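Just so we're clear, the structure is a prediction, and the values are computed from it rather than from any experiment.
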Amino acid sequence: MPGAPRVGDEVPPLEIPITRTLIVAGAIASRDYQDVHHDAELAREKGSPDIFMNILTTNGLVGRYITDHFGPAAVLRKVAIRLGAPNYPGDTMVLTGAVTEVTEVGDDTTVTVRVTGANGIGRHITGTVTVTLPPPETGTPGASGEPASTTTAPPPPGGPS
């Protein structure tokens with residue numbers, strides 16, 4: 001992410017195609033075996049037009065959205081989302097976000113982002129994500145991408161020298 005985050009900064013949108021594979025794989029990965037997430041016929045019997053994405057998959061996608069923006073060293077501290085319109089196969093969810101709070105204590109920077117995810121029938125999710133960012137690397141050994149130090153272990157006793 002370029003520069004330090006500021007209140008009002010927008011996170012670039014992320015478009016996620018909602019496929020049957022994504023819905024079923026997310027349900028399996030999160031061990032959610034409810035039939036409405038993998039069996040279209042049973043989902044229809046329960047009143048849904050098709051299978052739909054579970055909240056754990058949505059949580060994971062929201063986490064990815066935030067860490068893709070702030071970088072892999074960012075640590076998710078809290079994801080608080082509320083579900084709305086279901087994500088059905090063939091639709092696209094567009095995640096958008098804006099920084100609502102930045103707190104700095106010592107080297108720690110904590111950022112809160114208001115996130116929404118919309119699809120073709122409405123808002124799939126609304127909520128906030130709180131993330132802690134790593135301290136900026138300034139003059140730290142290894143900051144240039146080179147190792148801070150290299151150590152070679154001595155050969156084991158009695159081994160080749």
Side-chain angles (χ1 to χ4, degrees), residues 1-34 36-38 51-153:
M1 177 183 160
R6 296 183 320 239
V7 171
D9 286 352
E10 292 190 9
V11 180
L14 174 64
E15 292 188 9
I16 301 169
I18 307 301
T19 64
R20 289 185 183 283
T21 301
L22 175 62
I23 292 169
V24 173
I28 291 170
S30 60
R31 305 179 103 187
D32 183 347
Y33 304 116
Q34 294 293 317
V36 294
H37 303 308
H38 65 84
I51 63 172
F52 55 90
M53 183 176 287
N54 72 354
I55 192 168
L56 296 172
T57 302
T58 299
N59 262 333
L61 293 170
V62 168
R64 168 195 161 196
Y65 174 59
I66 296 299
T67 58
D68 278 0
H69 180 70
F70 289 106
V75 177
L76 295 173
R77 297 295 178 189
K78 181 178 180 183
V79 177
I81 61 174
R82 173 172 281 192
L83 284 177
N87 270 338
Y88 293 118
D91 207 342
T92 298
M93 177 173 63
V94 180
L95 293 171
T96 57
V99 174
T100 59
E101 185 178 354
V102 178
T103 306
E104 295 182 27
V105 178
D107 286 342
D108 292 333
T109 301
T110 301
V111 179
T112 301
V113 179
R114 177 95 177 133
V115 178
T116 60
N119 60 32
I121 57 176
R123 279 204 175 143
H124 175 63
I125 61 107
T126 56
T128 58
V129 178
T130 303
V131 62
T132 301
L133 306 180
E137 297 185 56
T138 54
T140 305
S144 65
E146 297 178 21
S149 65
T150 304
T151 306
T152 305

Calculate, to the nearest 0.5 Å, the distance between atoms [atom1] and [atom2] belonging to [X] and [Y] respectively.
X      : Y      : atom1 : atom2 : result
Leu14  : Thr92  : CG    : OG1   : 11.0 Å
His37  : Leu56  : NE2   : CG    : 8.5 Å
Thr109 : Phe70  : OG1   : CZ    : 10.5 Å
Asp108 : Leu133 : CG    : CG    : 9.5 Å
Asp32  : Thr57  : CG    : OG1   : 7.5 Å
Met53  : Ile125 : CE    : CD1   : 11.0 Å

Scan the side chains in residues 71-79 for donor-acceptor partners under 3.5 Å anywhere in the protein, sequence neighbours excluded, and list what turns up.
residue : atom : partner : partner atom : Å
Arg77   : NE   : Thr132  : OG1          : 3.1

Side chain to side chain donor-acceptor pair (under 3.5 Å) involving [X] - partner list, sequence neighbours excluded:
X      : answer
Asp68  : Arg64
Arg123 : none
Thr58  : His124

Provide the closest heavy-atom pair for Ala85 versus Ile121 in the form atom of the first, atom of the second, distance.
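The answer is CB-CG1, 3.7 Å.
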For Thr126 and Arg114, work out which heavy atoms get closest and say how close.
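Looks like CB-NH2, 4.0 Å.
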Are any side-chain N or O atoms of Asp9 and backbone N or O atoms of Arg6, one a donor and one an acceptor, separated by less than 3.5 Å?
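Between the backbone of Arg6 and the side chain of Asp9 there is a qualifying donor-acceptor contact (under 3.5 Å).
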Between Tyr65 and Val115 (side chain of the first, backbone of the second, donor and acceptor by atom type, cut-off under 3.5 Å), is there such a pair?
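No: the side chain of Tyr65 does not pair with the backbone of Val115.
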Validation: residues 20-31 side-chain donor-acceptor distances under 3.5 Å, sequence neighbours left out:
residue : atom : partner : partner atom : Å
Arg20   : NH1  : Asp50   : OD1          : 3.0
Arg20   : NH2  : Asp50   : OD1          : 3.2
Arg20   : NH2  : Asp50   : OD2          : 2.6
Ser30   : OG   : Gly26   : O            : 2.8
Ser30   : OG   : Ala27   : O            : 3.3
Ser30   : OG   : Asn54   : ND2          : 3.0

Any non-hydrogen side-chain atom of Asn119 less than 4.5 Å from a side-chain atom of Ile18?
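Asn119 does not reach Ile18 side chain to side chain.
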Quick one: side-chain contact (heavy atoms from CB on, under 4.5 Å) partners of Pro13, sequence neighbours excluded?
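Checked Pro13 against side-chain contact (heavy atoms from CB on, under 4.5 Å); matches are Val94, Thr96.
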As a quick check of understanding, evaluate side-chain contact (heavy atoms from CB on, under 4.5 Å) for Phe52 and Val36, giving each step before the final call.
CA-CA 7 Å; Phe52 55 90; Val36 294; 3.5 Å; yes
